Amino acid sequence: MTEKTARTLTGSHWGAGIAETVEGRLVAVHPHPADPNPSEINTNIASSLNGRARVRRPAVRRGWLTGEGVRGRDSFVEVSWDDVLDLLARELKRVRQTHGNEAIFAGSYGWSSAGRFHHAQSQLKRFLNGQGGFVRSEGNYSYNAALVLMPHIVGPFRMQVAQATRWQVIAKHTDLVVMFGGMAQRNTQVSDGGVAKHRMVDNLKACAEAGVRFVNLSPLKTDAADEIAAEWLPPKPGTDTAVMMGLAHTLLSESLHDPDFLERYTVGFDKVAAYLRGEVDGVVKSAEWAAGVSGVPEGRIVALAREMAAGRTMVTCAAALQRADYGEQPLWISVTLAAILGQIGLPGGGYTVGFGVNANIGNIERPFRWGALPQGKNPVNDFVPVAMISEMLLNPGGSYKYNGENRTFPDIRMVWWAGGNPFHHHQDLRRLHRAFQRPDTIIVNELNWTATARHADIVLPVAAAQERTDFGGGKSDNALVPMLASSTPVGEARVEFDIFADLAGRMGDAETFTEGLSKDMWLKRIWSETQQAADAAGESLPDWESFIQGDIVELNDPSPDQVFMAEFRKDPEANPLQTPSGRIELYSQRIASFGLNDCPGHATWFVPRDVVAGSHPLYLISGQPATRLHSQLDNGDFSRSHKVQGREPILIHPEDAGERGIAEGDVVEVFNERGRCLAGARITDDIRKGCVFLWTGAWYDPDFNAPQERDRHGNPNALTHDLRTSSLTQSPASHSAMVEIQRFDGTVPPVTVHEQPEFEAAPRSDMQNMARGDQNT
Ligand SMILES: Nc1nc2c(c(=O)[nH]1)N[C@H]1C(S)=C(S)[C@@H](COP(=O)(O)OP(=O)(O)OC[C@H]3O[C@@H](n4cnc5c(=O)[nH]c(N)nc54)[C@H](O)[C@@H]3O)O[C@H]1N2
Ligand SMILES: Nc1nc2c(c(=O)[nH]1)N[C@H]1C(S)=C(S)[C@@H](COP(=O)(O)OP(=O)(O)OC[C@H]3O[C@@H](n4cnc5c(=O)[nH]c(N)nc54)[C@H](O)[C@@H]3O)O[C@H]1N2
Ligand SMILES: [Mo]
């Protein structure tokens, strides 16, 4: 190593790493030596951080200055920080005075970067809370149906995740794990806030060595890790509820159910049983019926039901299943099926929603709460369910249902996003593009010129995690990670704290935001809160200076032998669930009382809406990418090395490809009534015939001159629908889209979104006439 080379620790949602800089420029992030299975996602960072797409200077949309143009298509004008903050302060004052804080939407959903202090949403929300508040969003894209449904039938979902049965318990006690939606190894690279040690593969290996058998019910074979040699039974997407009903019906008709468990721990079983027997809708939910619906052979469903009853069985359900039409149902029937088996609360038995959804669930937990930047109190009481963003912007004052309430959409004039990428994460992006034309002003804090930044009026360039000092701690991890700045911000990018401190000053009161503390003082304060929490938990942490200059601090595992719902099983009267009855609600009187026809009072089978419409033949699944976190680092070397002719890969079954004359490595066009995109063909029999699999997260790159504004890059949300799971939970339903696919024989256009947008020089007078957003209404 030369003197000009430095190595510092860095942290991220996908793991800690060693950042290597040469003369202050980040050149690589290497694996941390303590991590048994480090994620390769780190190898994207250096190339992405120094990539051509970085936002280098504050920028204003040209059309916003002139009162013309279309968001997402216009060019930008680069301006100075002083000018942009003056202009922003004027516009914020105008919106507040004219429309009130209820007209500001800063739900700002997104994963942002790890770090307890520089967390983008916390910074934005703290700033706006000090300015009179904003309309927030409720829930997440990951498991929203579970967040809203589960409290009615079992209890708070986040608690269920934190209390998941540990893998070492499963290795010891379980005979069979039946995995609906598999347990994708690629997804266990990631955990919100960080994961110091990737433990999942080793824990799965231990299970396989202990003789635990796995069945993978998923359209993608590789949703089960090689190590567990799972049996692959691919159902048609969206039919898991039917398969589980077929299993449940078999258990009942062969008297393999557990009447004592159902009697003591659940309510409403009689209603479910009547439904399964066909007494409600005339359809018997037999194995034969389930086979017809799902394509899983009848004989295998019957045999599997018997195998499940014969030993200790864990039923698992991937979060993906509830990110689909009627996504509440696979959750409810998973609980119902496990209750019928009667093993809930026993070591290694019952059900789990969330194994494989991140690195830590079932592997490790946080021993105490880490300190964090306080967000303050939001004076505005209004919210929208997270996936209703387009709906809200397109229907100000419109009414909608949510969790049994009738609610009204706010009239939003200003949208502010920091640390999320709606033009990656939301469904039906052409609709979102129309919705984004509505507000007066859209502000986006970004690292890169993503499609979201390109849809903004004001773009603020922010520093990346490696360009600021912070510390990381996963929400479900047992380690704290020093994150020492390894390079200076690219261009004129600034850390969010400095941006909001300056802006708060322009609004007349910097202190409400800063409390008179510098960044350094804030870090020490948050660390000292963390130290106090450690003390209370009987742990001790080093002082800030030794910690930040040192290595990862690993703490005790608080619950290595945890068994989900063990206390409830031991004594349901003393430890009731937080449901209306205190028991597992296989039938929910409360949900039934809402009178919703898309989510009645017990688990119910529904045919996905695109299947009913019948307009396109192939199921589109858009799971999480192995090579990055959602859209983050899409322009990094590792992510790009997996693209096909620069397009996102799409997995196609050989017979589906053959019927369409598509060969490996071809550029293909994927389309339906909502939109179209290009992608790169990867032909494999790991995917169920009749399904195609396009990874999420390729930066959306619409060609406004092409049919249906074709996305040149391969973002599946060009094709997904923007209907929610149901009117109970209003959750995103991205996994329920049908498409057609064809070879693309035209001239393959270059992907432009990894480059800078178009800039224009602005006459200075435009800047002085700013804050004329009213003309945009
Ligand atoms: N079709 C389909 N769509 C899906 C899904 C699917 O399965 N299929 N999955 C859904 C799920 S589960 C999720 S969680 C969402 C994820 O959606 P998002 O969380 O929105 O996706 P990310 O790519 O993580 O976006 C984070 C953005 O924050 C920026 N960023 C990073 N650090 C900072 C920072 O410090 N400050 C600021 N201001 N910005 C920063 C990054 O550049 C990036 O653009 O996608 C959802 N969308
Ligand atoms: N590397 C990496 N890891 C990640 C993320 C990432 O972006 N990159 N994102 C993280 C986040 S925010 C989340 S929420 C989790 C998401 O975790 P999940 O929701 O579990 O992940 P997905 O990849 O959407 O889906 C898992 C699998 O479900 C299968 N599947 C889809 N639809 C159906 C269906 O109808 N039936 C059945 N049986 N199977 C189906 C697909 O084959 C897919 O591979 O992953 C996390 N982990
Ligand atoms: Mo997620």
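Only a predicted model underlies this, so the values are computations on that prediction, with no experimental measurement involved. Quick note: numbers below take in every heavy atom, side chains included, and nothing from hydrogens, waters or symmetry partners. As the structure lists them, so they are numbered: ligands from 1, and atoms in each ligand from 1.
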Under 4.0 Å from a heavy atom of [X]: give me the atoms of ligand 1 that qualify, with their elements.
X: E496; answer: 34 (C), 35 (O), 36 (N), 37 (C), 38 (N)
X: N445; answer: 37 (C), 38 (N), 39 (N)
X: Y109; answer: 14 (S)
X: E446; answer: 27 (C), 28 (O), 29 (C), 41 (C), 42 (O), 43 (C), 44 (O)
X: S113; answer: 31 (C), 32 (N), 33 (C)
X: V462; answer: 36 (N), 37 (C), 38 (N)
X: N717; answer: 1 (N), 2 (C), 3 (N)

Q427 contact mode with ligand 1 (heavy-atom cut-off under 4.0 Å):
side chain
Could R647 and D701 be called an ion pair, given the rule that one side-chain N must be under 4.0 Å from one carboxylate O?
no
Before accepting this row, confirm whether a basic side-chain N of the pair R431/E391 lies closer than 4.0 Å to the acidic partner's carboxylate O.
yes
Residues which pass side chain to side chain contact (heavy atoms under 4.5 Å, CB included) with K236, listed by chain and number, not counting sequence neighbours:
T239, Y619, R688
Taken in chain and number order and not counting sequence neighbours, the residues that satisfy side chain to side chain contact (heavy atoms under 4.5 Å, CB included) with R56 are R54, V490, Q756
Would you say NZ of K221 has more than 12 non-hydrogen atoms from neighbouring residues, nucleotides or ligands within 6.0 angstrom?
no
Using a 6.0 Å cut-off, check whether atom CG of N50 has over 12 heavy atoms from anything other than its own residue.
yes
Near ligand 2, which protein residues have a heavy atom under 4.0 Å away?
I41, W111, S142, G181, R186, N187, Q189, V190, L217, S218, P219, L220, D223, P235, P237, G238, D240, A318, A319, A320, L321, R323, V357, I621, G623, Q624, P625, R628, L629, H630, F693, H735
Taking the six-membered ring for Trp, are H713 and W699 ring centroids under 6.0 Å apart?
no
Quick check on the 6.0 Å ring-centre criterion: do F638 and W14 meet it?
no
Which residues share a side chain to side chain donor-acceptor pair (under 3.5 Å) with K519, sequence neighbours left out
D498
Which residue is it: D502, L460, V462? I am looking for the one with a side chain to side chain contact (heavy atoms under 4.5 Å, CB included) to R494.
D502
With the threshold set at under 4.0 angstrom, would you say Q121 reaches ligand 1 through any of its heavy atoms?
no
